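Here's the structure we're looking at; comments come further down.
All values reported here derive from a predicted model rather than from experimental measurement. Per chain, numbering begins at 1; letters A, B, ... match sequence-line order.
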Protein chains: 2
Amino acid sequence: MNKSKNKNVQKQDLSKNQQIIFDLIKKSNEPLKAYSILSNVQKKGIKAPLQVYRALDKLVEIGKIHKIESKNAFMACQNSGCQIAKATAFSICENCEKVSEIKNSKLFEYLKGFDDKSGMKYKKYNLEFFGVCNECTAK
Amino acid sequence: MNKSKNKNVQKQDLSKNQQIIFDLIKKSNEPLKAYSILSNVQKKGIKAPLQVYRALDKLVEIGKIHKIESKNAFMACQNSGCQIAKATAFSICENCEKVSEIKNSKLFEYLKGFDDKSGMKYKKYNLEFFGVCNECTAK
DNA sequence: AACGTTATGTAATAATATAACATTAATTAG
DNA sequence: CTAATTAATGTTATATTATTACATAACGTT
Ligand SMILES: [Zn+2]
Ligand SMILES: [Zn+2]
Ligand SMILES: [Zn+2]
Ligand SMILES: [Zn+2]
């Protein structure tokens with residue numbers, strides 16, 4: 001599988017840049033923005049925005065990370081790739097900016113089965129809830 | 001109510017720039033982007049991006065338009081300000097890019113009452129469905 | 001080896017959005 | 001009404017987010 005030195009072993013099926021960027025996002029406890037990611041991986045040899053965006057695109061596509069659209073930021077999937085990124089839901093604190101991925105099978109079932117009269121076939125959805133989190137309410 | 005000349009009559013409660021930009025968005029059948037709006041209202045004297053963004057911010061705040069987060073674009077509310085922009089849902093065709101606002105009271109009730117175990121109080125949500133619309137499916 | 005596909009490197013630029021500061025208009029309180 | 005306050009505007013510059021274009025390298029298959 002590998003030429004000789006046993007380097008470049010793919011931990012999963014991610015390429016080098018994808019793995020670097022995924023590792024960074026995964027260990028973060030908050031959504032990361034593309035240029036913040038860039039500045040954090042420059043020491044690893046990733047120099048240009050496009051390298052970051054390409055890796056992000058791929059990671060989103062395979063469901064390992066999600067984009068929080070209202071924040072233009074990215075976080076690691078807490079579930080199982082959300083069935084390849086087809087069904088995502090988040091709760092966002094408007095005070096402390098904390099974002100959590102919602103895992104609620106009833107909600108997912110409900111939305112998966114949602115059908116308005118338009119005749120449109122839904123393949124994917126993204127839901128973002130906003131409010132004030134527990135910690136912020138306590139204060 | 002007015003000084004003398006009967007000019008500057010407020011049609012609603014929108015300021016001049018807000019009204020110009022709202023009129024443009026309302027008559028469009030697709031979501032409009034900020035810089036596209038800008039180029040369309042320059043003949044009306046609105047010259048800078050910030051003038052557009054300020055009007056957009058206000059219009060979003062009062063629920064007369066919504067931002068389609070996944071497209072960075074704006075469309076007029078089809079409902080009644082969606083209770084001042086607190087509950088929004090859209091269907092987006094991935095083929096022709098058509099966006100429609102979803103009006104479905106059961107969905108709204110369901111999401112309004114949604115409560116996970118986190119203890120977070122939700123004040124607002126935005127939901128975006130993606131798929132292929134009727135027309136595009138027919139082709 | 002040859003091919004198609006995926007990933008990378010690099011530079012330039014496009015598209016989206018905000019900061020900072022000065023001014024004017026509209027609303028409210030006394 | 002006048003002063004104080006708040007909301008809206010005008011303008012310039014700049015920050016942030018994202019893509020185009022083109023060249024090269026690595027990978028997977030046959
Ligand atoms: Zn997920
Ligand atoms: Zn909070
Ligand atoms: Zn609406
Ligand atoms: Zn369509």
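Look at A:Ser15 and you won't find any side-chain N or O under 4.0 angstrom from OP1 or OP2 of D:dA26. Side-chain nitrogen and oxygen atoms of A:Lys16 include none within less than 4.0 Å of the OP1 or OP2 phosphate oxygen of C:dA7. For the OP1/OP2 pair of D:dT6 and a distance below 4.0 Å, the side-chain nitrogens and oxygens of B:Lys58 include no atom meeting the criterion. Contact between the side-chain N/O atoms of B:Asn72 and the OP1/OP2 oxygens of D:dT17 is not found at any separation under 4.0 Å.
The base of C:dA14 is not paired with the side chain of B:Tyr35 by any donor and acceptor separated by under 3.5 Å.
Counting heavy atoms from C-beta on, the side chains of B:Lys67 and B:Asn72 come closer than 4.5 Å. Counting only heavy atoms from C-beta outward, the side chains of A:Glu128 and A:Glu69 approach each other to under 4.5 Å. Counting heavy atoms from C-beta on, the side chains of B:Ser70 and A:Asn126 never come closer than 4.5 Å.
Looking at the side chain of A:Asn17, the nearest of the listed nucleotides C:dT8, C:dT16, D:dA21 is C:dT8. Distances from the side chain of B:Ala48 to the nucleotides D:dA18, C:dT18, D:dT11 place D:dT11 closest. Residue A:Arg54 has its side chain nearest to D:dA21 when only D:dA18, C:dT18, D:dA21 are considered.
Taking atom NZ of residue A:Lys71 and atom C1' of nucleotide C:dT16, one finds them 17 Å apart after rounding to whole Å. One interatomic measurement links the two molecules: CG of B:Leu38 to P of C:dT18, which rounds to 15 Å at whole-angstrom precision. Taking atom CG of A:Leu14 as the reference point, atom C1' of D:dC27 lies 15 Å away to the nearest angstrom. Atoms CD (A:Glu61) and P (C:dT5) sit 15 Å apart, rounded to a whole Å. Look at CD on A:Glu69: it is 12 Å from P on C:dA17, rounded to the nearest Å. Protein atom CD of B:Gln18 is 16 Å distant from nucleotide atom P of C:dA25, rounded to whole Å. Regarding B:Leu50, its CG atom lies at a distance of 14 Å from the P atom of C:dC21, rounded to whole Å. Atoms CD1 (A:Ile20) and C1' (C:dA7) sit 13 Å apart, rounded to a whole Å.
Salt-bridge check for A:Glu97 with A:Lys71: passed, with a basic side-chain N closer than 4.0 Å to an acidic carboxylate O.
Comparing B:Asp57 and A:Gly45 by the nucleotide of DNA chain C that holds the closest heavy atom to each, the one mapping nearer the 5' end is A:Gly45. Each of B:Gln51 and A:Pro49 was matched to the nucleotide of DNA chain D holding its nearest heavy atom; the match closer to the 5' end belongs to B:Gln51. Place A:Lys47 and B:Ser36 on DNA chain C by their nearest nucleotides, and A:Lys47 ends up nearer the 5' end.
Residues A:Asp116 and A:Tyr122 bring a donor and an acceptor atom of their side chains to less than 3.5 Å of each other.
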